[in-house]
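What follows is a set of notes on a single structure, which appears directly below.
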Amino acid sequence: MGSNSTREAAVLKTRILPVNTNDLGVFKDKATLEEWDVPTKTENLKPLQEAAKELKTSSIPVGFPTETVYGLGADATRSEAVKGIYKAKGRPSDNPLIIHVCDLTMLRSLLGKNESAADPIPEIYRDLIKKFWPGPLTILLPNPTPRVLAPEVTAGLETFGARMPDSPLALSLIKLAGVPLAAPSANASTKPSPTTAEHVRHDLDGKIELILDGGACQVGVESTVVDGLCDPPVLLRPGGLSIDRIKECAGWENVVKGYKDQSELGSKAPRAPGMKYKHYSPKAKVILYENTSQTSLTGLPLEARRAILQKDNSSPIPTIGIVSTRNWVKWAGFNARGARNSDDVSVVTLSDLDEPLEGTSCQLEFGKLIWAGNLSKATINHVANLIGISLGNDTKDIAHGLFSALRELDKRNVDVIYVEGIDDEGDIAAAVMNRLRKAASVIENS
Ligand code: TXA
Ligand code: MG
């Protein structure tokens with residue numbers, strides 16, 4: 001017992017290994033995806049070889065980038081290795097993990113023989129794989145007996161989720177390890193998913209040994225998860241591939257949505273405490289504004305601004321984070337002057353401390369919120385500190401920067417984060433809004 005608990009308490013030395021992502025590998029034949037080929041001679045593979053050795057020999061998972069988010073990988077065929085993931089993340093083990101394969105040869109090795117067809121990969125997935133692999137799409141497959149995958153991967157289900165990431169770094173790591181990698185997002189349980197190696201270190205420092213650093217993830221939200229084993233096929237999690245693209249594939253014209261968002265559960269009121277901070281959540285309270293495009297709302301509603309402006313000044317000055325997307329003007333309306341009622345007058349003074357937001361093309365903007373109060377008395381109060389991040393217009397940019405923005409504001413200890421939502425029809429906006437609704441403790445339908 002004594003020696004065991006000492007081991008439990010041991011803190012690992014976490015290292016980030018930078019990877020030069022040039023020339024890490026190619027498909028022998030891009031048309032078949034049959035075999036991923038790793039070059040024999042390149043210095044660039046060194047850190048991957050070190051990580052692959054760790055994956056084969058130890059039970060401590062490795063952080064690595066994919067095109068969606070950073071993953072926390074382990075040998076999916078070894079129970080001890082898979083348990084290491086749950087331990088490092090602090091994630092309950094009743095949640096199935098996604099299996100990452102480097103090519104179709106590896107995927108077939110997990111499927112066993114299908115007596116009724118030449119190919120063990122179900123026909124329903126053929127078109128999807130052809131169009132969208134490698135890429136941000138996870139498909140459910142039957143888990144054959146005898147089992148190849150460790151039971152901890154599937155959480156007791158008869159199916160497993162698999163994907164082929166669109167990242168030469170990830171594909172070569174899998175190939176060098178020689179086994180499929182089970183990999184959830186590499187965040188501490190309940191936190192926003194990591195899109196840079198630094199995010200992974202922030203959450204898992206001391207809990208893992210290696211993080212491969214391949215730069216910021218392109219997509220920024222996790223893969224789309226689909227189940228084609230039932231009729232009609234179901235979309236289980238919106239993600240980096242849109243439902244519209246999936247509908248274009250043979251057999252997927254009638255795909256149905258199998259997940260529910262907070263908005264559809266009819267919640268405007270604050271959620272039950274038990275539902276708070278379950279997923280993708282920073283420490284700060286997130287207040288999400290939906291449907292801003294429909295009302296052409298240019299910033300926070302007056303009441304919301306007023307509540308902050310009229311805050312009792314004796315308490316410490318709060319820091320407010322603002323994440324804007326398509327319509328909110330700078331400072332979400334806090335710098336709107338000229339209201340009739342003098343109580344509404346607010347002014348933002350900008351500091352010249354703008355900083356880049358890591359892994360994105362966004363800037364963090366710093367401001368002080370000054371309330372002139374009752375103008376006749378000319379009282380000037382410093383009411384709040386503001387930190388603004390504008391993710392831009394384009395859905396891809398919004399998805400790419402979203403988790404980074406939430407994490408950055410957390411790092412700066414903001415007390416509350418106001419987020420401008422987007423219309424979630426079509427494209428990957430559905431994934432953005434799904435994650436935001438899970439992160440939010442209050443959803444306003446403005
Ligand atoms: O983009 C991604 O998918 C990232 C990167 C690292 O590849 N991975 C990821 O994995 O998000 P994870 O473990 O956080 O997501 C697992 C989710 C489950 O919550 C569930 O929604 C679905 O995938 N899933 C996996 N296996 C399943 C199964 N057998 N049946 C139903 N859903 C499954
Ligand atoms: Mg996750």
Side-chain angles (χ1 to χ4, degrees), residues 61-74 76 82 85-86 88-102 110 132-144 147 149-167 169-171 173-174 180-197 199-200 203-204 211-212 214 217-230 233-241 257-260 278-281 399-400 402-403 406-407 428 431 434-435 438-439:
V62 168
F64 69 99
T66 77
E67 82 282 28
T68 57
V69 299
Y70 271 71
L72 186 62
V82 178
I85 295 178
Y86 292 111
K89 277 193 65 136
R91 164 164 166 158
S93 53
D94 56 356
N95 227 345
L97 301 174
I98 292 171
I99 305 296
H100 297 66
V101 296
C102 61
L110 302 176
F132 304 122
W133 272 13
L137 171 71
T138 295
I139 60 176
L140 291 201
L141 292 156
N143 190 17
R147 306 276 198 230
L149 297 171
E152 290 78 9
V153 167
T154 52
L157 298 171
E158 290 299 308
T159 55
F160 69 95
R163 85 176 192 99
M164 191 188 285
D166 188 14
S167 152
L169 192 163
L171 296 175
L173 177 67
I174 299 163
L181 297 184
S185 48
N187 50 286
S189 195
T190 78
K191 293 289 156 200
S193 297
T195 56
T196 68
H199 294 165
V200 180
D203 281 17
L204 301 179
I211 303 166
L212 294 174
C217 302
Q218 277 162 26
V219 178
V221 290
E222 300 83 349
S223 62
T224 301
V225 180
V226 296
D227 183 356
L229 303 176
C230 50
V234 179
L235 188 141
L236 293 173
R237 176 177 79 177
L241 179 67
K257 233 175 89 177
Y259 64 94
K260 272 214 164 39
K278 272 287 171 0
H279 266 102
Y280 309 107
S281 286
H400 175 74
L402 178 70
F403 288 143
L406 295 177
R407 282 179 168 270
I428 62 170
N434 172 265
R435 306 307 188 264
K438 289 188 183 188

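Atoms within a ligand are numbered from 1 in the order they appear, just like the ligands themselves. In what follows, residues are counted from 1 in the order of the sequence shown.
When side chains are defined from C-beta on, I85 counts as touching L72, because their heavy atoms get closer than 4.5 Å. Between E158 and N143 the shortest side-chain heavy-atom distance does not fall below 4.5 Å. Contact of the L229 side chain with the P142 side chain is registered, since non-hydrogen atoms from C-beta on lie closer than 4.5 Å. The side-chain heavy atoms of V221 and H400, taken from C-beta on, include no pair separated by under 4.5 Å.
Which parts of ligand 1 touch L157 is read off a 4.0 Å heavy-atom cut-off, strictly below it: atoms 28 (C), 29 (N), 30 (N). Using a 4.0 Å cut-off to heavy atoms of T159, the atoms of ligand 1 that qualify are 28 (C), 29 (N), 30 (N). Contact atoms of ligand 1 toward N95: 19 (O) (distance under 4.0 Å to a heavy atom of the residue). Of all the atoms in ligand 1, the ones that sit under 4.0 Å from a non-hydrogen atom of H100 are 5 (C), 6 (C), 7 (O). Per-residue contacts place G161 under 4.0 angstrom from the following atoms of ligand 1 (heavy atoms of the residue considered): 26 (N).
The heavy atom nearest to atom 33 (C) of ligand 1, considering only P96, P184, S189, is found in P96. Nearest to atom 23 (O) of ligand 1 by heavy atom, out of I98, V219, L236, L140, is I98. Heavy-atom proximity to atom 2 (C) of ligand 1, evaluated over S223, G239, G258, is greatest for S223.
In this structure, atom 20 (C) of ligand 1 has its sub-4.0 angstrom surroundings free of protein heavy atoms. Within a 4.0 Å radius of atom 10 (O) of ligand 1, the protein contributes one or more non-hydrogen atoms.
Atom 14 (O) of ligand 1 has R91 NH1, 3.4 Å as its closest protein atom, hydrogens excluded (heavy atom only). In this structure, atom 6 (C) of ligand 1 lies nearest to the protein heavy atom G71 CA, 3.6 Å.
Using a 4.0 angstrom heavy-atom cutoff, S185 counts as in contact with ligand 1.
Residue A162 comes nearest to L141 through the heavy atom pair CB-CD1, 4.0 Å, listed as atom of the first residue, atom of the second, then distance.
Metal site remark for the Mg ion (ligand 2): S185 contributes an N, O or S atom at a distance under 2.8 Å.
Within the 4.0 Å heavy-atom criterion, the part of R237 lying near ligand 1 is the side chain and not the backbone. The proximity of A183 to ligand 1, defined as any non-hydrogen pair under 4.0 Å, is limited to the backbone. Neither the backbone nor the side chain of D227 has any atom closer than 4.0 Å to an atom of ligand 1 (non-hydrogen atoms only). Residue contacts with ligand 1 for T154 are absent, since no atom lies close enough (heavy atoms, distance under 4.0 Å).
Distance alone, capped at 3.5 Å, is enough to place a donor-acceptor pair between the T224 side chain and the G239 backbone. Although no hydrogens or angles enter the test, the distance criterion places no donor-acceptor pair under 3.5 Å between the side chain of D203 and the main chain of N187. Although no hydrogens or angles enter the test, the distance criterion places a donor-acceptor pair under 3.5 Å between the side chain of H100 and the main chain of L181. Distance alone, capped at 3.5 Å, is enough to place a donor-acceptor pair between the R163 side chain and the G135 backbone. Within the 3.5 Å criterion, the main-chain N or O of P192 finds a donor-acceptor partner in the side chain of R407. In this structure a side-chain-to-backbone donor-acceptor pair under 3.5 Å is missing from R237 to Y259.
Y86 does not carry K89 over the face of its six-membered ring by the limits of under 6.0 Å from the centre and within 45° of the normal.
At least one N/O-N/O distance between T68 and ligand 1 falls below 3.5 Å. The shortest N or O to N or O distance between R163 and ligand 1 is under 3.5 Å.
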